[in-house]
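Residue numbers begin at 1 in each chain, while the letters A, B, ... track the order of the sequences.
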Amino acid sequence: MAKGITKRAEDYSRWYLDVVAAAELAEHSPVKGCMVIKPNGYALWEKIQATLDKMFKDTGHVNAYFPLFIPESFLKKEAEHVEGFAPECAVVTHGGGKKLEEPMVIRPTSETIIWSTYKKWIQSYRDLPILINQWANVVRWEMRTRLFLRTTEFLWQEGHTAHATAEEAEQETMQMINVYRRFAEEYLAAPVFVGVKTESEKFAGAVRTYSIEAMMQDGKALQSGTSHNLGQNFAKAFDVTFQDENGKLDYVWATSWGVSTRLIGALIMIHSDDNGLVIPPRLAPLQVVVVPIWRSDEEKQKLLSHVEKITGDWKDRFSFKVDDRDNYRPGWKFNEWEKRGVPIRIEIGPKDLENDQVVVVRRDTGEKSFIPQGQLVELLPRLLDQIQQDLYDRAKKMREENTFYADDWNSFVKRIDDPGGFYWLHWCGSDACEAQLAEQTKATIRLIPFDGEKESGKCVLCGADSDRRVLVAKSY
RNA sequence: CGGGGCGUAGCGCAGUCCGGUUAGCGCGCCUGCUUUGGGAGCAGGAAGUCGAGAGUUCGAAUCUCUCCGCCCCGACCA
């Protein structure tokens with residue numbers, strides 16, 4: 001049925017690449033680690049963008065754009081930041097045929113260029129808050145790349161806000177991680193855990209990093225969005241101060257937050273199957289495809305004009321397309337739309353015309369049903385909602401079945417390799433135990449949960465007291 | 001950076017070990033006819049600086065050397 005797609009059970013990572021290729025989402029570019037995002041993939045990104053952009057605007061943010069090039073010296077102003085990012089920066093040394101006086105880095109993230117700019121914009125508390133987002137590309141020279149999950153250049157959005165108080169900055173950081181959580185759950189149909197990153201995993205230059213973590217079908221974790229409380233670190237590095245209501249000078253409080261084209265990788269690895277891509281209806285660029293089936297030109301004309309009648313009141317309710325291409329046969333088209341992940345396919349042929357019905361096929365389950373034509377306009381939106389919900393429920397069930405509690409080190413070490421999955425462990429909070437965990441199991445502490453219940457226990461590594469469990473998994 | 005693989009038509013590959021006419025095959029593409037409810041059939045056709053350079057040889061996709069690039073697996077990371 002699915003020619004050219006490796007089975008998940010056989011080789012998960014080849015399956016992933018096959019799905020990307022079969023759905024024509026992206027391909028490798030001539031430059032190592034970079035990808036060409038093809039129209040199907042970009043359409044998905046545009047849906048993600050449109051949805052998030054609205055959520056950002058609804059929470060009071062506005063868009064702006066800052067330059068791709070950053071003077072190298074800017075990056076060096078915040079000690080932790082430069083340490084974290086310098087190794088993965090691409091640096092431009094020449095321009096206009098001449099060696100530059102100061103090299104420029106291609107942004108790996110924009111905190112430095114933005115805070116050097118905010119310095120000029122902020123004098124008083126009346127200038128605050130600044131709530132800016134930008135949609136941009138960034139470059140990080142990673143050693144190993146994977147389409148969408150980690151590429152040298154990728155597309156993302158980065159929010160950069162400036163506040164008068166620590167409380168307000170914290171509130172913003174929290175608000176945005178919740179926006180991401182809501183996006184993941186309601187649009188990506190991806191259940192996520194939300195929490196705080198450990199010191200060693202947090203953003204370079206942040207005081208605290210919050211993250212959402214989703215489980216892929218192979219039981220590995222994917223960090224799908226992060227929100228950082230930057231404290232006054234960047235304000236201090238760039239000397240950004242403001243005068244408060246009492247005339248007192250203080251450094252500005254900052255946050256930053258982002259999600260990237262990696263979300264497309266998450267979408268693929270959470271929902272897709274051995275037949276190809278499965279897209280949650282709310283993010284599907286195309287939600288319903290109609291495949292008419294005819295045997296003669298006369299029949300074709302009759303069918304197409306009938307289809308036009310049926311679909312007349314579909315506009316503005318959901319997106320759809322009638323695949324009236326003459327050069328492909330129906331079976332070929334079924335397969336094509338399946339690989340591309342279109343949530344609902346409708347087949348309509350001569351027999352259906354006679355019986356005043358159509359065949360409705362769900363992409364996620366493959367289930368076929370005969371539906372009276374008059375009911376479609378009501379049924380299809382409901383079915384799209386149902387599929388959205390079912391995808392979420394299925395993903396959640398998968399996650400629950402692969403999330404475990406572990407208190408014994410030795411059995412945990414075995415189980416993290418096979419069957420893998422997520423583990424709630426007691427951890428004392430020390431860097432040493434965290435490092436040892438990573439070294440011995442290749443799994444890492446994904447986060448310390450916000451809503452984790454207090455529970456006293458012993459660190460699974462050293463036996464010291466612990467008052468809550470942390471989420472541990474292997475990750476992408 | 002280590003390990004593995006690959007580079008021959010748009011894509012996937014064979015041919016390379018053991019040099020020898022005009023470099024093949026499948027898919028795709030073009031033309032025509034027949035087809036059309038799960039990847040259609042037949043006939044005809046177009047399409048290649050064999051990753052690059054140098055060397056050996058009467059003769060190189062094939063042997064030698066050098067270089068380049070990409071993919072996969074690991075160490076770094078959204």
Specify the separation, in whole Å, of atom [atom1] of [X] and atom [atom2] of [N].
X       : N       : atom1 : atom2 : answer
D324(A) : rU36(B) : CG    : P     : 18 Å
R144(A) : rC76(B) : CZ    : C1'   : 12 Å
L17(A)  : rC11(B) : CG    : P     : 17 Å
K32(A)  : rC68(B) : NZ    : C1'   : 13 Å
W141(A) : rC1(B)  : CH2   : C1'   : 16 Å
W294(A) : rU35(B) : CH2   : C1'   : 13 Å
L222(A) : rA78(B) : CG    : C1'   : 9 Å
L149(A) : rA78(B) : CG    : C1'   : 10 Å

[M] and [N], which share atom name [atom1], separated by this distance in whole Å:
N       : M       : atom1 : result
rG26(B) : rG44(B) : P     : 13 Å
rG41(B) : rG5(B)  : P     : 37 Å
rC42(B) : rU21(B) : C1'   : 32 Å
rC70(B) : rG28(B) : C1'   : 23 Å
rC58(B) : rG19(B) : C1'   : 12 Å
rU36(B) : rU62(B) : C1'   : 47 Å
rA43(B) : rC25(B) : P     : 14 Å
rA78(B) : rG3(B)  : C1'   : 27 Å

NA contact type, [X], heavy-atom cut-off 4.0 Å: base, sugar-phosphate, or nothing?
X       : value
T151(A) : base
P350(A) : base
E347(A) : base
R345(A) : base
D352(A) : base
G366(A) : nothing
G258(A) : nothing
V359(A) : base
K197(A) : nothing

May I ask you to evaluate whether [X] reaches the phosphate of [N], defined as a side-chain N or O under 4.0 Å from OP1 or OP2?
X       : N       : answer
S13(A)  : rC73(B) : yes
H28(A)  : rC70(B) : no
R329(A) : rA40(B) : yes

What nucleotide, of [options], holds the atom closest to the side chain of [X]?
X       : options                   : result
E142(A) : rC76(B), rG38(B), rA75(B) : rC76(B)
R146(A) : rG37(B), rC73(B), rC29(B) : rC73(B)
M143(A) : rC76(B), rA78(B), rG37(B) : rC76(B)

hbond_proxy K368(A) side chain to rG38(B) base (donor-acceptor, 3.5 Å cutoff)
yes
Give me the one residue out of F238(A), W115(A), F234(A) that meets ring-ring contact (aromatic ring centres under 6.0 Å, His included) with H81(A).
F234(A)
Check: [X] ring centroid to [Y] ring centroid under 6.0 Å:
X       : Y       : result
F74(A)  : F69(A)  : no
Y16(A)  : F148(A) : no
F154(A) : W45(A)  : no

Both distances below 3.5 Å, Watson-Crick or wobble geometry, any strand: find the nucleotide opposite [N].
N       : answer
rG19(B) : none
rC1(B)  : rG74(B)
rC6(B)  : rG69(B)
rU64(B) : rA54(B)
rC33(B) : rG41(B)
rC25(B) : rG12(B)
rA46(B) : none

Kindly confirm whether the side-chain ring of F154(A) is stacked on the base of rA78(B), judged by centres under 5.5 Å and planes under 30°.
yes
Judged by nearest nucleotide, the residue sitting upstream toward the 5' end of RNA chain B, F148(A) or P330(A), is P330(A)
In terms of the nearest nucleotide of RNA chain B, which residue is placed more toward the 5' end: K351(A) or Y328(A)?
Y328(A)
Please tell me whether E172(A) and Q175(A) have a donor and an acceptor in their side chains that are separated by less than 3.5 angstrom.
yes
Salt bridge (charged side-chain N to carboxylate O under 4.0 Å, His left out) for K7(A) and D274(A)? Distances and angles first, verdict last.
CA-CA 5 Å; K7(A) 303 264 176 279; D274(A) 289 347; 5.0 Å; no
Run the side-chain contact (heavy atoms from CB on, under 4.5 Å) test on E170(A) and R208(A) for me, step by step, so that the C-alpha distance in whole Å, both residues' side-chain angles and the decisive distance to 0.1 Å come before the verdict.
CA-CA 9 Å; E170(A) 175 58 21; R208(A) 265 194 309 285; 2.7 Å; yes
Mind checking whether Y187(A) and F183(A) have parallel, tilted or perpendicular rings, split at 30° and 60°?
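The arrangement is parallel - the two ring planes meet at less than 30°.
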Whether W332(A) and Y328(A) hold their rings parallel, tilted or perpendicular, with breakpoints at 30° and 60°
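The arrangement is parallel - the two ring planes meet at less than 30°.
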